[in-house]
Q: 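After the structure tokens below, expect a handful of questions from me.
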Amino acid sequence: MSHPQFAAELLQRAEKQGPIIIGLAGAGQMGTDIVVQVALMPGMRIGAISEVRPQAAIDAALLAGHDLSDIVQAPNASAIDRAIEAGKIAVTEDLHALAAAGRIDVIIDATGNPNIGTLFALEVMKNGKHIVMLNVEADITIGRFLKEEARKAGVVYTGAAGDEPACTLEIIGFAKSLGFTIVAAGKGKNNPLKFDAVPADYEREASERNMNARMLVEFVDGSKTAIEMVAIANATGLVPDVPGMHGPTATLEELAGVLCPREDGGVLHRKGVVDYSIGKGVAPGVFCIIETRHPRVLERMIDLKVGKGPYFTIFRPYHLTSLEVPLSAARAVVYKRADMEPLDHPVAEAVAVAKSNLGAGQSLGMIGENDYRGFAMTWEDARARGALPLGLAERAKVVKPVKAGDFLTYENCVPDDSMVITQIRRRLDQSDGRFVTNAA
């Protein structure tokens with residue numbers, strides 16, 4: 001959560017050292033939002049945008065109110081630096097040039113691809129820059145490795161403010177600092193939940209919402225919810241209570257009475273979990289269910305109309321996605337602090353479950369397509385089942401037939417070893433003492 005004085009601090013810093021210079025990778029929906037928002041913020045500016053379709057980057061800068069004469073094409077790092085020194089925005093097709101440009105303080109990865117995002121993050125950190133990852137898929141797969149690389153490089157690796165995980169962390173941190181017991185934390189699910197959703201059925205809705213159908217399906221089929229709840233779990237130590245989580249139809253008023261232990265009338269087998277609700281009034285917000293038993297604190301909370309107790313819902317009714325992301329970039333530079341980073345050891349895993357019957361020899365598509373969906377469970381459970389991490393499913397080869405609804409495992413699937421994310425994850429699993437078949 002930003003300190004009330006943060007805007008003033010940014011302005012003071014800009015007067016002394018110039019504005020924070022942000023490099024942005026990707027000018028899709030999220031990237032365009034970021035370019036527009038940064039133009040409205042004190043003490044920071046976009047220095048360069050890397051985009052394979054340069055026109056998308058130019059359009060984003062124009063939409064943000066920059067003149068065409070202030071946007072220059074820059075083929076390499078020194079051209080990017082010259083553009084920034086001249087007060088202009090550099091547009092490049094080269095991610096390496098963006099990573100190497102000396103005038104950039106911090107880089108936001110909005111590419112949306114786990115493997116490219118991983119390669120890029122490593123290069124950014126080697127170049128001594130902070131990195132803000134919108135790429136939750138990469139973070140849940142190998143985040144602890146990226147955090148360690150950042151530590152070695154003396155830079156900040158952070159998840160992005162505005163996404164549900166970081167917004168949930170804000171209120172978890174608030175509740176923890178007051179000494180409350182954290183019972184459950186999570187989000188309201190925005191889109192209707194349909195586990196077998198496929199892009200072909202969502203083309204029209206996606207185009208009406210100015211979205212890509214695959215991206216929309218990643219939300220609808222529950223993959224994104226699994227990914228986000230696992231990210232929260234691995235940053236806090238909270239865990240999915242049951243495989244797939246409960247996902248109750250609990251309204252905001254009902255939440256504290258449902259996401260609490262079974263002996264108190266709720267659904268939970270334990271306290272300290274991540275979950276989501278599909279009930280009315282929770283989305284697009286994030287929540288933290290807390291417990292207090294002290295009579296004085298209970299009296300005050302009830303008096304303040306927070307709830308009936310002993311379980312209460314702390315709630316943030318909004319998350320501004322990409323519009324909040326620049327705050328993470330600014331905090332990385334000013335405070336050298338991550339808004340969200342994984343623990344040294346994960347406690348949860350998002351795994352892949354088949355959406356349709358898969359045949360041997362088949363090569364798998366992307367998250368949000370027709371082959372599989374994300375599913376959250378504890379790290380130990382995923383390990384015991386030999387389940388394939390969701391971040392390794394793209395381009396994996398099916399080696400034994402898999403029925404719809406079954407887990408993809410290291411036994412029935414072989415991840416694509418040409419991808420750096422697969423190689424890093426294997427090393428992490430080996431260092432945990434996990435024996436992975438088919439991964440020689």
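FYI, the numbering just counts along the sequence from 1. FYI, side chains are in, hydrogens and waters are out, and symmetry mates aren't considered; it's all heavy atoms of this structure.
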Q: With a 6.0 Å cut-off (strictly less than), is the heavy-atom count around OH of Tyr318, excluding the residue itself, greater than 12?
A: no
Q: Any pair with a residue in residues 319-330 that passes side chain to side chain donor-acceptor pair (under 3.5 Å), sequence neighbours left out, goes on the list, sorted by first then second residue, please.
A: Asp33-Ser322, Glu164-His319, Arg316-Glu324, Ser328-Asp339
Q: Between Thr236 and Ile172, does the side-chain contact (heavy atoms from CB on, under 4.5 Å) criterion hold? Intermediate values first, please.
A: CA-CA 9 Å; Thr236 60; Ile172 292 171; 4.1 Å; yes
Q: Test Glu349 against Arg425 for salt bridge (Lys or Arg N to Asp or Glu O under 4.0 Å), laying out the working first.
A: CA-CA 12 Å; Glu349 183 89 86; Arg425 178 55 193 256; 2.6 Å; yes
Q: Looking only at heavy atoms, which two atoms of Ile46 and Ile89 are closest? And how far apart?
A: O-CG1, 3.5 Å
Q: Is any side-chain heavy atom of Leu390 less than 4.5 Å from a side-chain heavy atom of Thr141?
A: no
Q: Is Arg383 salt-bridged to Glu380, cutoff N-O under 4.0 Å?
A: no
Q: Taking it one step at a time, do His269 and Asp241 satisfy side chain to side chain donor-acceptor pair (under 3.5 Å)?
A: CA-CA 7 Å; His269 298 83; Asp241 186 40; 3.1 Å; yes
Q: Looking at Glu148 and Arg144, is any side-chain nitrogen of the basic one under 4.0 Å from a carboxylate oxygen of the acidic one?
A: no
Q: If the condition is side chain to side chain contact (heavy atoms under 4.5 Å, CB included), which residues does Val347 pass it with, not counting sequence neighbours?
A: Ala233, Asn234, Val239
Q: Does the pair Leu68 and Ile58 meet the rule for a side-chain contact (heavy atoms from CB on, under 4.5 Å), with working shown?
A: CA-CA 8 Å; Leu68 193 53; Ile58 294 164; 4.0 Å; yes
Q: Is the backbone of Ala99 close enough, under 3.5 Å, to the side chain of Lys129 for a donor and an acceptor to pair up by distance?
A: yes
Q: With the threshold set at 4.0 Å, does a side-chain nitrogen-carboxylate oxygen contact exist between Arg300 and Asp303?
A: yes
Q: For the pair Cys288 and Ile182, evaluate side-chain contact (heavy atoms from CB on, under 4.5 Å) and give the outcome as yes or no after the intermediate values.
A: CA-CA 7 Å; Cys288 179; Ile182 309 293; 3.8 Å; yes
Q: Quick one, Phe145 with Tyr157, criterion ring pair (Phe, Tyr, Trp, His ring centres under 6.0 Å). Give me CA distance, side-chain angles, the key distance, then yes/no.
A: CA-CA 10 Å; Phe145 171 82; Tyr157 163 81; 10.0 Å; no
Q: Might you work through the side chain to side chain donor-acceptor pair (under 3.5 Å) test for Asn113 and Thr111, ending with a clear yes or no?
A: CA-CA 6 Å; Asn113 179 300; Thr111 57; over 6 Å; no
Q: Is the count of non-hydrogen atoms from other residues, nucleotides or ligands lying under 6.0 Å from Lys308 atom NZ greater than 12?
A: no
Q: Let me see the working for Leu238 and Val273 under side-chain contact (heavy atoms from CB on, under 4.5 Å), right down to the final yes or no.
A: CA-CA 5 Å; Leu238 303 173; Val273 307; 5.8 Å; no
Q: For the backbone of Gly188 and the side chain of Ser277, can you confirm whether one donor and one acceptor N or O come within less than 3.5 Å of each other?
A: no
Q: Between Phe407 and Phe375, does the ring centroid distance fall short of 6.0 Å?
A: yes
Q: Under the salt bridge (Lys or Arg N to Asp or Glu O under 4.0 Å) definition, can you give me all pairs with a residue in residues 217-240, not counting sequence neighbours?
A: Glu137-Lys224, Lys187-Glu228, Arg214-Glu218, Glu218-Lys224, Asp221-Lys355
Q: If only atom types and distance count, is the side chain of Thr158 paired as donor or acceptor with the main-chain N or O of Ala338 below 3.5 Å?
A: no
Q: Cation-pi check for Tyr311 against Arg293: NZ or CZ below 6.0 Å from the six-membered ring centre and within 45 degrees of the axis, yes or no?
A: yes
Q: Side chains of Ser418 and Asp416 only: does a donor on one sit below 3.5 Å from an acceptor on the other?
A: yes
Q: Minimum heavy-atom separation for Ser50 and Leu98, please, with both atom names.
A: CB-CD2, 3.7 Å
Q: If the threshold is 4.0 Å, N to carboxylate O, is there a salt bridge linking Asp344 and Lys147?
A: yes
